[in-house]
Student: 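Please see the structure below; I have some questions.
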Amino acid sequence: MKTLFEMRPIFSALLRNKLGPFLVATQVALSLAILVNAIYIVNLRLDAAARPSGVANELDVFRVHIGNQKLGGHEDQMAMQKREAATIRAVPGVTSVARTNSFPISYAGSNSSVFNDRKQTIKTADSGIYFTADSLVKTWGLQLIQGQDFQAGDYIETDPNTSKEFVKKVIVSKALAEKLFPDQTNFVGKEFFFGSGDDAKDVRIIGVVETLQTSSGQTEPRGAYTTLMPARLSNISYEGYAVRAEPGQRDRVMKEVENALRRDSTTPIKVTMKTMEKMRIARYRSEKGLAWMLLTVSVLLMLVTASGIVGMSTLWVAQRRKQIGVRRALGARKVDILRYFITENIVITSGGIVVGIALSIGLNQILVSQFELSKLPLPYLFFAPFIFWTLGLIATFGPASRAAGISPATATRSA
């Protein structure tokens, strides 16, 4: 009953001075709506940057790219590739080597449309393509959950610019298998097509890996639609070698691999190397930059909101000095004055929170429709109010404490 009785003068005061409470409540509402969605986007970006590429122990893996890959004819290039792989493999500390056209999350690779039927006019999905002349399952440590790795007889050697020869067997990621065959659980032996119509190339799945990101690492699940193809290609300048080193030996191995390749080449060559670690940093630099920017904006919003509450509370204390003195003279304790201003702030903040939650949902709907984000999880809407209630209490406590410290004689003295 006492609490209800104390609420009457609070609402009466708020109704007499509507502009100040309205502005603070509006500020709380806008800040909450922006903060909730900003934090949600930050978490999405950080989760994307941390999601597994599919490559086990990334710190032990690096890529080697050698210039002049188109020298000579097809047979010359095949022999050169095998010689280069053998040179890398012979370096102490190298555990596995595989020639490939692409690397996960490297921004360097190719994609192709896949179809369930050659008569389809609309593709089923776009798949990242990894051509490999060796075992990427072994070199990258991919988790094979169904079927088997490629065998010696599965590999082809071809010039894609002059030959129409195409692989017959492939290994796919679990995400792509489920996209192609959503009603199935065993994908080994299933067939699908690259392209459609008369030129469609049919392939058969012989293995499924748990996950393997595309070279661009898009948002899931598209970023995990990938296919491994057993082929050694000539006249492809962007191919290179995936190399796995013994744990802790990567940096030394990289230097020795470069020296070995230069030493064994009959002509000057350009050797460039890049670790998976640097690929991940480069790929997700923008996501992390966005996350830091949004966090900075969120902190600034919180500071601006807190400043607004402090300013409003300070102004009200100055305007109510005589009222406070009268209450003190009539027996109000310091804790009563303190409770009054804190309760008043809770009422204003709560009004802003209610509107802010509605704005948060509305803003999220816009982001979902425009940027393909997922819907805002409910825990964000439950947690955010406590942040602003706490912020309001902290911001109000100082002015409210000064109000409680006003003496009756000073407050009631005529100006």
Side-chain angles (χ1 to χ4, degrees), residues 54-58 60-104 106 108-110 129-142 144 149-161 163 165 167 169-171 207 212 215 228-247 249-276 279:
V55 178
N57 303 317
E58 290 183 0
D60 299 326
V61 177
F62 61 95
R63 178 176 184 170
V64 179
H65 184 269
I66 307 171
N68 302 327
Q69 290 295 292
K70 292 185 178 182
L71 293 177
H74 173 75
E75 296 300 330
D76 294 329
Q77 292 181 34
M78 293 294 100
M80 179 183 64
Q81 291 178 20
K82 294 173 183 178
R83 185 173 64 252
E84 290 171 344
T87 298
I88 297 172
R89 195 173 289 114
V91 172
V94 171
T95 61
S96 185
V97 180
R99 186 169 176 85
T100 179
N101 66 310
S102 181
F103 247 78
S106 66
S110 59
I129 303 300
Y130 292 98
F131 291 106
T132 176
D134 307 279
S135 176
L136 282 177
V137 172
K138 178 182 177 182
T139 303
W140 283 343
L142 304 179
L144 196 63
D149 197 0
F150 297 123
Q151 305 300 309
D154 298 331
Y155 295 93
I156 64 172
E157 296 183 353
T158 183
D159 181 349
N161 298 310
S163 174
E165 185 179 10
V167 301
K169 300 178 181 180
V170 296
I171 295 174
L212 177 60
S215 60
L228 275 65
M229 295 185 170
R232 184 184 298 277
L233 307 178
S234 62
N235 292 310
I236 300 295
S237 59
Y238 55 82
E239 286 209 342
Y241 299 91
V243 183
R244 177 174 292 277
E246 293 178 356
Q249 301 296 309
R250 184 197 65 191
D251 293 343
R252 176 191 62 79
V253 168
M254 289 176 68
K255 294 179 181 178
E256 294 188 11
V257 164
E258 181 175 358
N259 292 335
L261 288 170
R262 293 186 185 280
R263 184 176 59 248
D264 292 352
S265 176
T266 58
T267 59
I269 58 173
K270 180 181 179 180
V271 180
T272 56
M273 299 191 183
K274 198 169 188 179
T275 64
M276 279 290 294
M279 291 179 196

Student: Could you grab the distance from atom CE of Met229 to atom OG1 of Thr132, nearest 0.5 Å is fine?
Tutor: 12.5 Å
Student: Side-chain contact test, heavy atoms from C-beta onward, threshold under 4.5 Å: evaluate it for Pro160 versus Phe131 and give yes or no.
Tutor: no
Student: Using only atom types and a distance under 3.5 Å, with no angle test, would you say the side chain of Gln77 pairs donor to acceptor with the backbone of Gly72?
Tutor: yes
Student: Would you find a donor on one side and an acceptor on the other, under 3.5 Å apart, between the side chain of Thr139 and the backbone of Leu136?
Tutor: no
Student: Quick one: does Asp264's side chain have a donor or acceptor within less than 3.5 Å of a partner on Leu261's backbone?
Tutor: no
Student: For Ser106 versus Met279, what's the shortest heavy-atom pair and its separation?
Tutor: CB-SD, 3.8 Å
Student: Give a yes or no on whether the backbone of Ile269 and the side-chain of Arg262 come within a donor-acceptor separation of less than 3.5 Å.
Tutor: yes
Student: Is there a donor in the side chain of Thr158 and an acceptor in the side chain of Ser163, or the other way round, less than 3.5 Å apart?
Tutor: yes
Student: Does NZ or CZ of Arg99 come closer than 6.0 Å to the centre of the six-membered ring of Tyr241, within 45° of the ring's axis?
Tutor: yes
Student: Hey, is the main chain of Arg244 close enough, under 3.5 Å, to the side chain of Ser96 for a donor-acceptor pair?
Tutor: no
Student: To the closest 0.5 Å, what do you measure between CE (Met254) and CG (Asn259)?
Tutor: 12.0 Å
Student: Could you tell me which non-hydrogen atom of Arg252 sits nearest to which non-hydrogen atom of Gly93, and how far apart they are?
Tutor: NH2-CA, 3.8 Å
Student: Check each of Val61, Asp60, Val55 against Asn57 using the side-chain contact (heavy atoms from CB on, under 4.5 Å) test, and report the only one that passes.
Tutor: Asp60
Student: Step by step, work out the side-chain contact (heavy atoms from CB on, under 4.5 Å) result for Asn101 and Ser110.
Tutor: CA-CA 8 Å; Asn101 66 310; Ser110 59; 3.3 Å; yes
Student: Any donor-acceptor pair under 3.5 Å linking the side chain of Ser135 with the backbone of Lys138?
Tutor: yes
Student: Hey, what do you get for NE2 (His65) to NZ (Lys274), rounding to the nearest 0.5 Å?
Tutor: 12.5 Å
Student: Do Leu212 and Leu228 pass the side-chain contact (heavy atoms from CB on, under 4.5 Å) test, and can you show the C-alpha distance, the side-chain angles, and the key distance before you say yes or no?
Tutor: CA-CA 10 Å; Leu212 177 60; Leu228 275 65; 3.3 Å; yes
Student: Report the C-alpha distance between Glu165 and Glu157 in whole Å, list the side-chain angles of each, state the deciding distance to 0.1 Å, and finish with yes or no for side-chain contact (heavy atoms from CB on, under 4.5 Å).
Tutor: CA-CA 9 Å; Glu165 185 179 10; Glu157 296 183 353; over 6 Å; no
Student: Applying side chain to side chain donor-acceptor pair (under 3.5 Å) to Asn235 and Asn161, what does each step give before you reach the verdict?
Tutor: CA-CA 8 Å; Asn235 292 310; Asn161 298 310; 5.4 Å; no
Student: Would you name the heavy atoms of Tyr130 and Ser215 that are closest together and state the gap between them?
Tutor: OH-N, 3.5 Å
Student: State whether the side chain of Glu75 and the backbone N or O of Gly73 hold a donor-acceptor pair below 3.5 Å, judged by distance alone.
Tutor: no
Student: Keeping Arg232 on the side-chain end and Tyr155 on the backbone end, is there a donor-acceptor pair under 3.5 Å?
Tutor: no
Student: Mind checking the OG-CD spacing from Ser234 to Glu239? Nearest 0.5 Å is all I need.
Tutor: 9.0 Å
Student: What's the separation between atom CG in Asp159 and atom CD1 in Ile236, rounded to the nearest 0.5 Å?
Tutor: 7.0 Å
Student: Please find the pair of heavy atoms, one from Arg89 and one from Val97, that lie closest to each other, and give the distance.
Tutor: NH2-O, 3.7 Å
Student: How close do Val167 and Pro230 get, counting heavy atoms only, and between which atoms?
Tutor: CG1-O, 3.6 Å
Student: Looking only at heavy atoms, what is the nearest atom pair of Asp154 and Gln151, with distance?
Tutor: OD2-N, 2.7 Å
Student: How long is the span from the CD1 atom in Ile66 to the CD atom in Gln81, to the nearest 0.5 Å?
Tutor: 9.5 Å
Student: Quick one, Phe103 and Phe62 - any side-chain contact, counting heavy atoms below 4.5 Å?
Tutor: no
